[in-house]
J.: 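Questions regarding the structure given below will be posed in turn.
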Amino acid sequence: MSLKTYIQIFLLILIISITVLFFFKYFYIDESSIDRIPKNPIEEEIVLDENIENIIEDLRFERIDVYGNKFVINAKYGEISTNSLDVLILKEVKGTIYLTNRSPINISSNFAKYNKLNFHTIFYENVKITYENNLIKSDNLNISLDKS
């Protein structure tokens, strides 16, 4: 055989060995190293203590809109709603709206739902609104600060 044939065989073997090494280095997955997932995974039981209370005491929220009006809510107790984490159920609530160039509006009620995202507040049960010398009593009052 000639030298040219030996060089061609050597280059062919070199190309095949580089290809095989490249494959095993980057594409081959050793099955023994794979973490096997059991066919019947063990289910972990998460036990929640039903007696855990999510009550927060002495809450205060303040919001100032683009016009300079200030909305303040004080509550004796607050509880995170089970339906939505963004909603707080407030108890023994007092709210005050400080309007620019006007007298403040005072609001009090037994309960209120307060949305932390859009500051929408629903006062309910024994709602009393006082503005200057006026008193308004209501079953509920909806305040939407995003609509001014």
Side-chain angles (χ1 to χ4, degrees), residues 8 10-148:
Q8 288 177 350
F10 175 74
L11 288 175
L12 183 66
I13 290 173
L14 183 66
I15 290 173
I16 291 173
S17 62
I18 289 174
T19 306
V20 169
L21 287 174
F22 184 79
F23 171 77
F24 281 109
K25 173 82 174 167
Y26 293 105
F27 296 109
Y28 181 73
I29 299 173
D30 186 17
E31 290 185 16
S32 64
S33 67
I34 297 175
D35 293 334
R36 295 189 183 259
I37 300 173
K39 291 181 182 178
N40 296 326
I42 299 171
E43 295 181 17
E44 294 182 24
E45 185 176 334
I46 299 173
V47 179
L48 295 175
D49 187 4
E50 297 296 327
N51 295 328
I52 295 176
E53 294 183 5
N54 51 357
I55 295 177
I56 306 164
E57 293 183 6
D58 297 324
L59 292 169
R60 179 180 173 92
F61 298 102
E62 289 187 19
R63 166 84 175 179
I64 299 174
D65 65 7
V66 294
Y67 304 110
N69 300 320
K70 185 176 179 181
F71 180 58
V72 179
I73 296 178
N74 293 309
K76 190 139 185 153
Y77 303 102
E79 180 177 356
I80 299 171
S81 174
T82 56
N83 298 335
S84 174
L85 296 177
D86 299 326
V87 175
L88 294 172
I89 309 296
L90 306 175
K91 298 176 183 173
E92 298 182 31
V93 186
K94 294 183 190 291
T96 306
I97 301 173
Y98 297 98
L99 300 172
T100 54
N101 301 326
R102 294 192 180 162
S103 300
I105 301 170
N106 296 309
I107 305 165
S108 66
S109 70
N110 293 345
F111 300 98
K113 286 185 183 179
Y114 177 74
N115 189 322
K116 297 185 291 187
L117 295 180
N118 58 11
F119 307 105
H120 183 78
T121 309
I122 301 171
F123 294 90
Y124 58 96
E125 280 194 32
N126 195 22
V127 178
K128 294 179 183 173
I129 305 161
T130 56
Y131 177 69
E132 294 180 346
N133 293 327
N134 301 312
L135 173 66
I136 302 170
K137 294 183 180 183
S138 174
D139 292 331
N140 59 20
L141 171 66
N142 294 340
I143 296 177
S144 183
L145 292 179
D146 56 347
K147 297 177 184 174
S148 296

J.: Are there more than 12 heavy atoms of other residues, nucleotides or ligands under 6.0 Å from atom CG of Asp139?
T.: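 Counting other residues, nucleotides and ligands, CG of Asp139 stays at 12 neighbours or fewer.
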J.: Could you tell me the separation between the CZ atom of Arg63 and the NZ atom of Lys70, rounded to the nearest 0.5 Å?
T.: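 Interatomic distance, Arg63 CZ to Lys70 NZ, rounded to 0.5 Å: 13.5 Å.
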J.: Answer yes or no: is there a side-chain heavy-atom contact under 4.5 Å between Ile107 and Thr121?
T.: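 Heavy-atom side-chain distance check fails, nothing below 4.5 Å.
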J.: Begin from the C-alpha positions of Ile89 and Lys113 and carry the test side-chain contact (heavy atoms from CB on, under 4.5 Å) through to its verdict.
T.: CA-CA 5 Å; Ile89 309 296; Lys113 286 185 183 179; 3.6 Å; yes
J.: Excluding sequence neighbours, so at least two apart, what forms ring-ring contact (aromatic ring centres under 6.0 Å, His included) with Phe24?
T.: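 Listed in chain order: Tyr28.
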J.: Rounded at 0.5 Å granularity, tell me how far CD in Glu79 sits from CG in Leu90.
T.: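 Between atom CD of Glu79 and atom CG of Leu90 there are 10.5 Å.
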J.: In Å and rounded to the nearest 0.5 Å, what is the CG to OH distance from Asn110 to Tyr124?
T.: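 Here the rounded value is 9.5 Å.
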J.: To the nearest 0.5 Å, what is the distance between CD1 (Ile97) and CD1 (Ile105)?
T.: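 Output value for this atom pair is 5.0 Å.
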J.: So, Ser109 and Asn126: side-chain donor and acceptor under 3.5 Å apart, yes or no?
T.: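 No.
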J.: Walk me through whether Leu135 and Lys128 qualify under side-chain contact (heavy atoms from CB on, under 4.5 Å).
T.: CA-CA 7 Å; Leu135 173 66; Lys128 294 179 183 173; 4.2 Å; yes
J.: Might you point out which heavy atoms bring Phe71 and Ile143 nearest each other, and give the distance in Å?
T.: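 Of all heavy-atom pairs spanning Phe71 and Ile143, the closest is CE1-CD1, 4.0 Å.
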J.: Can you name the nearest heavy-atom pair linking Ala112 to Phe123, along with the distance?
T.: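 Minimum heavy-atom contact is CB-CD2, 3.9 Å.
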J.: So Tyr114 and Phe119, would you call those rings parallel, tilted or perpendicular, with 30° and 60° as cut-offs?
T.: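 Tyr114 vs Phe119 ring planes: tilted.
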J.: Hey, could you give me the CZ/CG distance between Arg102 and Asn69, rounded to the nearest 0.5 Å?
T.: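 If we round to the nearest 0.5 Å, Arg102:CZ and Asn69:CG are 8.5 Å apart.
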J.: Roughly how far, to the nearest 0.5 Å, is the CZ atom of Phe61 from the CG atom of Leu88?
T.: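 Going from CG on Leu88 over to CZ on Phe61, the span is 5.0 Å.
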J.: So do the side chains of Val72 and Arg60 get within less than 4.5 Å of each other, counting heavy atoms only?
T.: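 Side-chain contact under 4.5 Å: yes.
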J.: Any sub-3.5 Å donor-acceptor pair from Asn74's side-chain atoms to Asp58's backbone N or O?
T.: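 A pair under 3.5 Å: no.
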J.: Where is the tightest heavy-atom contact between Pro104 and Thr96, given as atom of each residue plus distance?
T.: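 What the structure gives for the nearest pair is CB-CG2, 4.0 Å.
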J.: Would you check, one step at a time, whether the test side-chain contact (heavy atoms from CB on, under 4.5 Å) holds for Val93 with Ile73?
T.: CA-CA 7 Å; Val93 186; Ile73 296 178; 3.8 Å; yes
J.: How close do Leu59 and Gly78 get, counting heavy atoms only, and between which atoms?
T.: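 It is CD1-CA, 3.5 Å.
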J.: For Lys116, does the NZ atom sit with more than 12 other heavy atoms under 6.0 Å from it, leaving out its own atoms?
T.: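 Above 12, so yes.
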J.: Tell me whether the count of non-hydrogen atoms from other residues, nucleotides or ligands lying under 6.0 Å of CZ in Phe23 goes above 12.
T.: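 It does: Phe23 CZ has more than 12 such atoms within range.
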